[in-house]
Q: 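Got a structure for you, written out below as C-alpha cells; questions coming shortly.
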Amino acid sequence: MEQVLLFRPVIVQHQKDAERFPQDNTLRRDYALAQVMADALTHLRLHYAADADRLFMTGLSQAGYYTCVYAAALPDQFAAIVSESTGGTLVKPTILPLATNLKSVAVRILHATADEITPYADAELLREAITQGGG
C-alpha cells in the first residue's frame with residue numbers, strides 16, 4: 001500500500017494574533033485562516049518532504065468546511081480530501097465559486113441527512129458543483 005500523509009486542520013480559537021486569526025465571521029477570516037494553512041503546508045514540504053501526490057486532508061464539522069475551503073483555494077496541494085460536513089450555508093458564498101478548482105482532487109463528502117446545523121442540501125450543492133466542474 002502506498003504511504004500517504006494525512007493533513008487534518010484543527011480550528012484554533014482565541015489566538016492572540018488578530019491578523020493571523022481574525023475573530024470576525026467573514027470571508028476575511030476564511031482567507032486569513034487559509035493563509036495559515038498554506039504556511040503549514042509549506043512547513044510540511046520543507047521539513048518532511050510531503051508531496052502533493054500523497055497529501056490527503058480531512059476535517060469534521062467546521063474543520064470539514066475548512067478542508068473544502070483550503071482544497072478549493074489550493075487544489076495543487078492535495079491528492080484527496082474527505083470532508084465530514086461541508087459548512088452549511090457558507091458553502092454557497094465561499095466554496096461553490098471555486099468548486100471547479102476541485103476537479104483534480106479526489107473528493108469524498110461525508111454528511112448526515114439529519115444534520116440540523118449544516119444542511120445536507122448544501123453538501124449536495126457542493127457535490128453537484130464539483131461534478132459539473134469536471135470533478
Side-chain angles (χ1 to χ4, degrees):
M1 179 178 172
E2 183 180 343
Q3 292 187 353
V4 299
L5 180 62
L6 182 63
F7 180 70
R8 181 150 175 125
V10 176
I11 306 306
V12 181
Q13 294 184 0
H14 309 297
Q15 295 296 316
K16 297 185 191 302
D17 185 345
E19 282 300 310
R20 296 292 288 191
F21 294 91
Q23 296 301 311
D24 57 354
N25 203 12
T26 66
L27 290 178
R28 184 177 82 88
R29 178 197 63 187
D30 291 342
Y31 294 140
L33 291 174
Q35 184 59 54
V36 169
M37 290 290 94
D39 293 347
L41 290 169
T42 298
H43 179 83
L44 278 175
R45 291 212 166 54
L46 290 174
H47 297 282
Y48 300 100
D51 64 87
D53 294 337
R54 297 182 305 122
L55 189 58
F56 289 43
M57 182 171 45
T58 184
L60 170 64
S61 191
Q62 186 179 17
Y65 163 71
Y66 283 114
T67 294
C68 291
V69 169
Y70 303 149
L74 307 164
D76 297 351
Q77 304 295 314
F78 303 100
I81 64 169
V82 178
S83 174
E84 301 174 61
S85 177
T86 57
T89 57
L90 289 175
V91 168
K92 293 172 189 168
T94 59
I95 303 170
L96 286 183
L98 301 173
T100 58
N101 292 354
L102 294 170
K103 65 184 172 189
S104 64
V105 179
V107 177
R108 174 70 61 165
I109 300 171
L110 304 176
H111 202 110
T113 56
D115 188 335
E116 295 179 11
I117 297 171
T118 57
Y120 182 78
D122 292 324
E124 287 183 317
L125 282 174
L126 178 58
R127 180 186 50 80
E128 288 175 26
I130 293 169
T131 301
Q132 289 175 358

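When a residue number appears, it is its place in the shown sequence, counting from 1. Values in this document were obtained by computation on a predicted structure and should not be read as measured data.
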Q: Which of parallel (below 30°), tilted (30 to 60°) and perpendicular (above 60°) describes His47 and His43?
A: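 Geometry flag for His43 against His47: tilted rings.
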Q: For the hydrophobic clusters of this structure (ILVMFWY residues joined by side-chain heavy atoms under 4.5 Å, transitively), does one cluster hold both Val91 and Ile109?
A: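 Yes; tracing contacts between hydrophobic side chains, which count when under 4.5 Å, links both residues.
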Q: Could you verify whether a donor N or O on one side chain and an acceptor N or O on the other, from Asp115 and Thr118, lie under 3.5 Å apart?
A: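 The criterion, which ignores hydrogens and geometry beyond distance, is satisfied for Thr118 and Asp115.
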Q: In the single-linkage hydrophobic clustering (I, L, V, M, F, W, Y; side-chain heavy atoms under 4.5 Å), do Val4 and Leu6 co-cluster?
A: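 Val4 clusters together with Leu6.
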Q: Are the side chains of Ile95 and Tyr65 in touch, meaning some heavy atoms are under 4.5 Å apart?
A: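 Side-chain contact under 4.5 Å: yes.
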Q: Check Leu55 against Gln77 and note the closest heavy-atom contact, atom names and distance.
A: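 That closest heavy-atom pairing would be CD2-O, 3.3 Å.
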Q: Which heavy atom of Cys68 sits nearest to which heavy atom of Leu126, and what is that distance?
A: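 Where Cys68 meets Leu126 most closely, the heavy atoms are SG-CD2, 3.7 Å.
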Q: Do you know which two heavy atoms are closest between Phe56 and Ala79, and how far apart they sit?
A: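 Reported closest heavy-atom pair: CE1-CB, 3.9 Å.
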Q: CZ of Arg127 to CD of Gln132: how many Å apart, nearest 0.5 Å?
A: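 Atom-to-atom, Arg127:CZ and Gln132:CD are 10.0 Å apart.
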Q: So Arg54 and Gln3, side chain to side chain contact (heavy atoms under 4.5 Å, CB included) or not? Walk me through it.
A: CA-CA 7 Å; Arg54 297 182 305 122; Gln3 292 187 353; 4.2 Å; yes
Q: Given Met57, which of Val82, Val105, Ile81 fulfils the side chain to side chain contact (heavy atoms under 4.5 Å, CB included) condition?
A: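 Running side chain to side chain contact (heavy atoms under 4.5 Å, CB included) over Val82, Val105, Ile81 with Met57 returns exactly one hit, Ile81.
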Q: For residues Lys92 and Asp122, report the shortest heavy-atom separation together with the two atoms involved.
A: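 Of all heavy-atom pairs spanning Lys92 and Asp122, the closest is CE-OD1, 3.3 Å.
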Q: Above 12 or not: heavy atoms from other molecules or residues under 6.0 Å from CZ of Arg45?
A: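 Correct, the count exceeds 12.
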Q: Do the side-chain N and O atoms of Ser61 and Ser85 include a donor-acceptor pair separated by under 3.5 angstrom?
A: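 Result is no, nothing qualifies.
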Q: Shared ILVMFWY cluster between Leu98 and Tyr66, side chains joined below 4.5 angstrom?
A: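 No, it is not one cluster - the side chains of Leu98 and Tyr66 are not joined through contacts under 4.5 Å.
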Q: When hydrophobic residues are tied together by side-chain contacts of less than 4.5 Å, even through go-betweens, does Phe78 share a cluster with Tyr48?
A: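 In one cluster: yes.
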Q: Could you tell me if the side chain of Ile130 sits less than 4.5 Å from the side chain of Lys103, heavy atoms only?
A: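 Heavy-atom side-chain distance check fails, nothing below 4.5 Å.
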Q: Which atom pair, heavy atoms only, marks the closest approach of Leu96 to Ala129?
A: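 Closest approach of Leu96 to Ala129, heavy atoms only: CD2-CB, 3.5 Å.
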Q: In Å, rounded to the nearest 0.5 Å, how long is the span from CG of Leu44 to CG of Asp51?
A: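 Between atom CG of Leu44 and atom CG of Asp51 there are 11.5 Å.
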Q: Does a sphere of radius 6.0 Å around CG in Leu46 hold more than 12 heavy atoms from other residues, nucleotides or ligands, not counting ones at 6.0 Å or beyond?
A: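 Yes, enclosed.
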Q: Between Ser83 (side chain) and Thr67 (backbone), is there a donor-acceptor pair under 3.5 Å?
A: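 No; zero donor-acceptor contacts below 3.5 Å.
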Q: Report yes or no: do Leu74 and Phe7 belong to one cluster of Ile/Leu/Val/Met/Phe/Trp/Tyr joined by side chain heavy-atom distances under 4.5 Å?
A: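 Same cluster.
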